[in-house]
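Proteins come first, then strands; the chains are lettered A, B, ... in the order of their sequence lines, and each starts at number 1.
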Amino acid sequence: MEYSFKEIEKKWQSHWSKNQTFRAEENADKPKYYVLDMFPYPSGAGLHVGHPLGYIASDIVSRFKRHKGYSVLHPMGYDSFGLPAEQYAIQTGQHPAVTTKENIARYREQLDKIGFSFDWSREVRTSDPEFYKWTQWIFLQLFDSWYNTETQKAESISSLVEHFETKGTEALCAHVEEQKDFSAADWSSMSEAQKEAILQDYRLAFRSESTVNWCPELGTVLANDEVKDGMSERGGYPVVQKKMMQWSMRITAYSQRLLDGLEQIDWTDSLKESQKHWIGRSEGAYVNFKVKGSGQNIKVFTTRPDTIFGVSFMVLAPENPMVEELTADIYRSSIKKYQEVAARKSERDRMADVKTVSGQFTGAYAIHPFSGKEIPIWIGDYVLASYGTGAVMSVPAHDARDYAFAKQFELDIPQVVEGGDITKEAFEAKEGKIINSDFLNGLPVQEAIKKAIEKIEELGIGQHKVNFRLRDAIFGRQRYWGEPIPIYYENGIAKPVRLEHLPIELPKVDAYLPTKDGQPPLARSTNWNYDPAKGVVPNGEGFPLELTTMPGWAGSSWYDLRYMDSTNKERIVGKDSEQYWQNVDLYIGGSEHATGHLLYTRFWHKFLFDIGYITSEEPFKKLINQGMILGYSAIAHREDGTNTYWSKNLAKGKKTTPIHVDVNMVNASDELDLDAFKTWRDDLKDAEFKLEEGKFKVSREVEKMSKRWYNVVNPDDIVEQYGADTLRMYEMFLGPLEQSKPWNTAGITGVHNFLKKFWRLYTANENGISEEPATEKELKILHTLIKKVNSDIENYSFNTSVSAFMICINELSALNCNKREVLEPLVVLLSPFAPHIAEELWYALGKTEGISLELFPECNEAFLVENSFEYPVAFNGKMRFKESLPLSMTKNDVEEHIMKQEKTIEYLGGKSPKKVIILPGKIINIVV
RNA sequence: GCCCUGGUGGUGGAAUUGGUAGACACGCAGGACUUAAAAUCCUGUGAUCAGCAAUGGUCGUGCGGGUUCAAGUCCCGCCCGGGGCACCA
């Protein structure tokens, strides 16, 4: 019987689908296991072979856990709001929903062919109103919350209002950008608009005038993690800084908890490091410096208060609002000029040139709080307006940036920490003794830091402070294809839409572009006003609705919860379902989401936890980043100025232009199919080809898999040619899951041959399946595999499992094993990896129930016991020969035996051994 | 610059707590079956030296040191690739 994978795979895929084999159930008798893949954005290009890598791994774990008796939740869905569909809509006028639906259908078709055990009944799409209703709901909860720094959790805005009404800001512990000071009486005398303006500073979803990353090309603002090297991550367009009224998320309230939570979760070090850096906790102090001849203070943040006697100048960010007042008249024009130049510099320019030191003296002086010395005040663009207080005390002897600035402008460099050579460079190490520093003299740095802060607090000129690098996340996008923000404006005051009116669905618009006067596309709708009594009403009635939409990360920040109870109409997730599934046990996806999605999701979960809707604070217990599958680009060499192509080895030394060739026209030996190539593009019809040994060879290069490089390999083609089971096992066999690697089809026949061999073991024996008991040898082979596969899956080491299967099958085939006692457990072992062939053979063994719930074989160590061991015998650590000895032999007996061996005597060459090391069951080493 | 990673045959990659380096697979070479091809199966395959051969010697996990009876694995100092952060005071 042939292994006809096409027939088998089709048959079982439709069987599983019809019987809902993988439907997840809240079964109180079973432990739960939740395995999640990062859901894809359904792009028009469809899946390439890189996408399924993580899905295959998670599918193996899911199937494995089902075999182990767990109730497994393994869902899939689509992150279906996003820029490409909208850009396409702008170009073609087609509604993004239509494009998205088509793309999803294509993705689904491709996914289905690979035989994943997803529970499709729980599918979610972020662009589905039934889903984004709850995204909007969460937004409104955030809008209605503030962060209490005393209880360390989010609370309802009503409790804040109550506090204001009774005590004003007295004894208020709240996360807020700038502490406020007013009494209960002040509060009650305020207008509604004034009150609301104050509340905006406390709300976790809030509006504020802030500097944003504006991308003119995309016509929208972007979050920090969406900007890479001053360019937009999607599309690669330039990004500039701009002040705008914007919706934001107060993620900074959760900085410390986001940091602390990392300790409880099982993520890779590199990922945790990325998040730690992004959050960027630094501990130090605020210090106020009096400005000479004015009542003003300049507040700075420093992590090195111990070096305060080393301050020789101060630098403010050019954007710092104090600059205006401080500047002496004679410097006014040069300060203004400097500010203008700094403002014109884009983020990108500023980064491109970190070496150039620039700045301008303001003419003003500060007074040193301890020494009373006058300190010149400068402005410089190395000081950022958005971090700390937008001003620094410069200690050039102990900070490299201050040092460069001091050198450039010939300012003093007083040393206050012993060590280094400050004539050459700043001494930045946090070690050594303090000198030239009055009451700090002689103290080691760490103690001096404490002492300095004590003194600063004692004198009331500053206080201990923890600062974070993390910024609040910009939340509004001037785009169409996203969740509408459920806010309307009554007399200019932002008010929440009533919950019963959710979802606020995207309106119809005549085009997906901004309006002529620069308003977001939603302004084009003629039906975009709101009446609290009626809901959405035509323009002209009610109040105007918010025009911006939510960013791409909104829906993905909580979708993992929705899978637990995807059809619930009452809550984001039902209480019982949430209790049962809790959180994701294993999350698999790319590492590019380290500081975006993964941080935002943790933030929203902590918030939902605070307000009592979920019981787990961390969404993902264990996270694995699968490596990227890279393309193996094929390159033909065209001689410059001609239409002549030279085969790889002939092209050397010639002036040629590399031309990317579609990898599907190149075979595993790098030979190009010339007939196909000639019809690929018009200009190739008449091209001339210089062959080597009758073949045309291409060069190879490893690049990101992309249409642009013609190196995309489609999983459908692999499935068509070799079957889904081969694709699954081959992707795993390629190497460790976390590692990036180029896709190279060369080795796929090895895996395919293995499956054929596996098939033959069950079907090719002339005596059929034998009911006789298996031999010891056969059982040993089987149980070795059982042990290996169990531990490999637990360790996510799938490539080594595949090897173990190959070894096992090679050995059993050599023995011509056809015992049911071996073949039955064997097929269960294979089923997580190659489920179709396993299911087929399972039924062929006479089973009538599906394989997926069959218990996974457990290793019986008794079959693995060895009674002898082939000792490697080494001399001075070099293995020379082997000697098989019973494991029951004592050390002394082994030594006695081995020393008598002819070979031992030969290798000793008459010398007597200094030492003989015997490790039972491991090695014998003789030291000469 | 800082932080994480990784570097092993022609190729992808294996190697518990330090204990036989190169499992498994690809590729390549040779062979069997076949009119032929496909499919399948068998043998060999890190480099190098000696030998007709069986076999044996030497070298070998990015580089240079070190610890150890023994180092791909541990320590110190470098080099290179990949990823992240980047004037964060």
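- For B:A71 and B:G22, the P atoms lie 16 Å apart once the distance is rounded to whole Å.
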- Task: For RNA chain B, produce a single dot-bracket line, 5' to 3'. Pairs: Watson-Crick or G-U wobble, both distances under 3.5 Å. Symbols: ( ) within strand, [ ] crossing, | other strand, . unpaired.
- Result: (((((((..(((......[....)))((((((.......))))))(((((....)))))..(((((..]....))))))))))))....
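- Within the 4.0 Å cut-off from OP1 or OP2 of B:U20, not a single side-chain nitrogen or oxygen of A:Lys922 is found.
- Atom CE in A:Met732 sits roughly 19 Å away from atom P in B:A25 (whole-Å rounding).
- Residue-level contact check: A:Ile807 touches the backbone only, with heavy atoms under 4.0 Å from sugar-phosphate atoms and none from bases.
- Atom C1' of B:U73 sits at a distance of 11 Å from the matching atom of B:G19, rounded to the whole Å.
- Listed nucleotides B:C24, B:C87, B:G27 differ in distance to A:Thr749; the shortest reach to its side chain belongs to B:G27.
- When distances run from any side-chain atom of A:Asn925 to the nucleotides B:C87, B:A89, B:G19, the shortest one goes to B:G19.
- At whole-Å resolution of the value, CZ in A:Phe805 and P in B:A23 are 21 Å apart.
- Whole-Å rounding puts the A:Gln275 CD to B:G83 C1' distance at 15 Å.
- A:Phe405 places its CZ atom 18 Å from the P atom of B:A89, with the value rounded to the nearest Å.
- Side-chain N/O atoms of A:His277 and A:Glu273 include no donor and acceptor closer than 3.5 Å.
- Checked by atom type, the side-chain pair A:Gln721/A:His752 shows no donor-acceptor distance below 3.5 Å.
- Ion pair A:Lys787/A:Glu861 flagged as a salt bridge, since at least one NZ, NE, NH1 or NH2 atom sits closer than 4.0 Å to an Asp/Glu carboxylate oxygen.
- Within the 4.0 Å cut-off from OP1 or OP2 of B:A39, not a single side-chain nitrogen or oxygen of A:Arg760 is found.
- Phosphate contact (OP1/OP2 of B:A86, side-chain N/O of A:Arg469, threshold under 4.0 Å): present.
- Of all non-hydrogen atoms in A:Cys859 and A:Leu864, the two that sit nearest each other are SG-CD1, 3.7 Å.
- Between A:Phe805 and A:Phe833, the ring centre distance stays below 6.0 Å.
- Counted by atom type alone, A:Ser312 and A:Asp412 present zero donor-acceptor pairs between their side chains at under 3.5 Å.
- One side chain, A:Thr800 or A:Asp792, offers a donor N or O that lies under 3.5 Å from an acceptor on the other.
- Between A:Lys276 and B:C2 there is no side-chain N or O to OP1 or OP2 distance below 4.0 Å.
- Look at the P atom in both B:A21 and B:G30: the space between them is 32 Å, to the nearest Å.
- Here, B:G66 and B:A53 have their P atoms 39 Å apart, quoted to the whole Å.
- The residue among A:Asn810 and A:Gly388 whose nearest nucleotide of RNA chain B lies closer to the 5′ end is A:Asn810.
- Straight-line distance between the P atoms of B:A47 and B:A29: roughly 15 Å, to the nearest whole Å.
- Judged purely by distance below 3.5 Å, without hydrogens or angles, the side chains of A:Ser884 and A:Tyr871 never pair a donor atom with an acceptor atom.
- Residues A:Lys903 and A:Ile748 each lie close to RNA chain B; by heavy-atom proximity, the contact nearer the 5' end of the strand is made by A:Ile748.
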- How does protein contact run along nucleotides 4-15 of chain B, one letter per nucleotide 5' to 3', with B for base contact, S for sugar-phosphate only, - for none, heavy atoms under 4.0 Å? SS------BSSS
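- With no hydrogens or angles considered, no side-chain donor-acceptor pair links A:Ser801 and A:Tyr796 at under 3.5 Å.
- A distance of about 15 Å separates the C1' atoms of B:G60 and B:C49, rounded to the whole Å.
- Salt-bridge formation is not detected for the pair A:Lys903/A:Glu883: no Lys NZ or Arg NE/NH1/NH2 atom is positioned less than 4.0 Å from an Asp or Glu carboxylate oxygen.
- The distance from atom CD1 of A:Ile924 to atom P of B:C69 is 19 Å, rounded to the nearest whole Å.
- Separating the NE2 atom of A:His752 from the P atom of B:U40 is a distance of 8 Å, rounded to the nearest angstrom.
- For the P atoms, the distance from B:G56 to B:C74 is 33 Å, rounded to whole Å.
- Using a 4.0 Å cut-off, some side-chain N or O of A:Arg880 falls inside it from OP1 or OP2 of B:G57.
- Under the 3.5 Å distance criterion, with hydrogens and angles disregarded, no donor-acceptor pair is assigned to the side chains of A:Lys704 and A:Asn711.
- If you check every strand for non-hydrogen atoms under 4.0 Å, A:Lys914 touches nothing.
- Comparing B:U17 with B:C26, their P atoms sit 30 Å apart, to the nearest whole Å.
- A donor-acceptor pair shorter than 3.5 Å cannot be found between the side chains of A:Asn467 and A:Tyr387.
- Phosphate contact (OP1/OP2 of B:G83, side-chain N/O of A:Asn625, threshold under 4.0 Å): absent.
- Rounded to whole Å, the distance from CG on A:Asp792 to C1' on B:C24 is 12 Å.
- Across all strands shown, A:Asn753 has heavy atoms under 4.0 Å from sugar-phosphate atoms exclusively, and none from any base.
- The nearest whole Å value for the distance from the OH atom in A:Tyr722 to the P atom in B:C26 is 12 Å.
- Distances from the side chain of A:Val927 to the nucleotides B:C88, B:C69, B:A39 place B:C69 closest.
- In this structure, B:G51 is classed as anti because its glycosidic torsion departs from zero by more than 90°.
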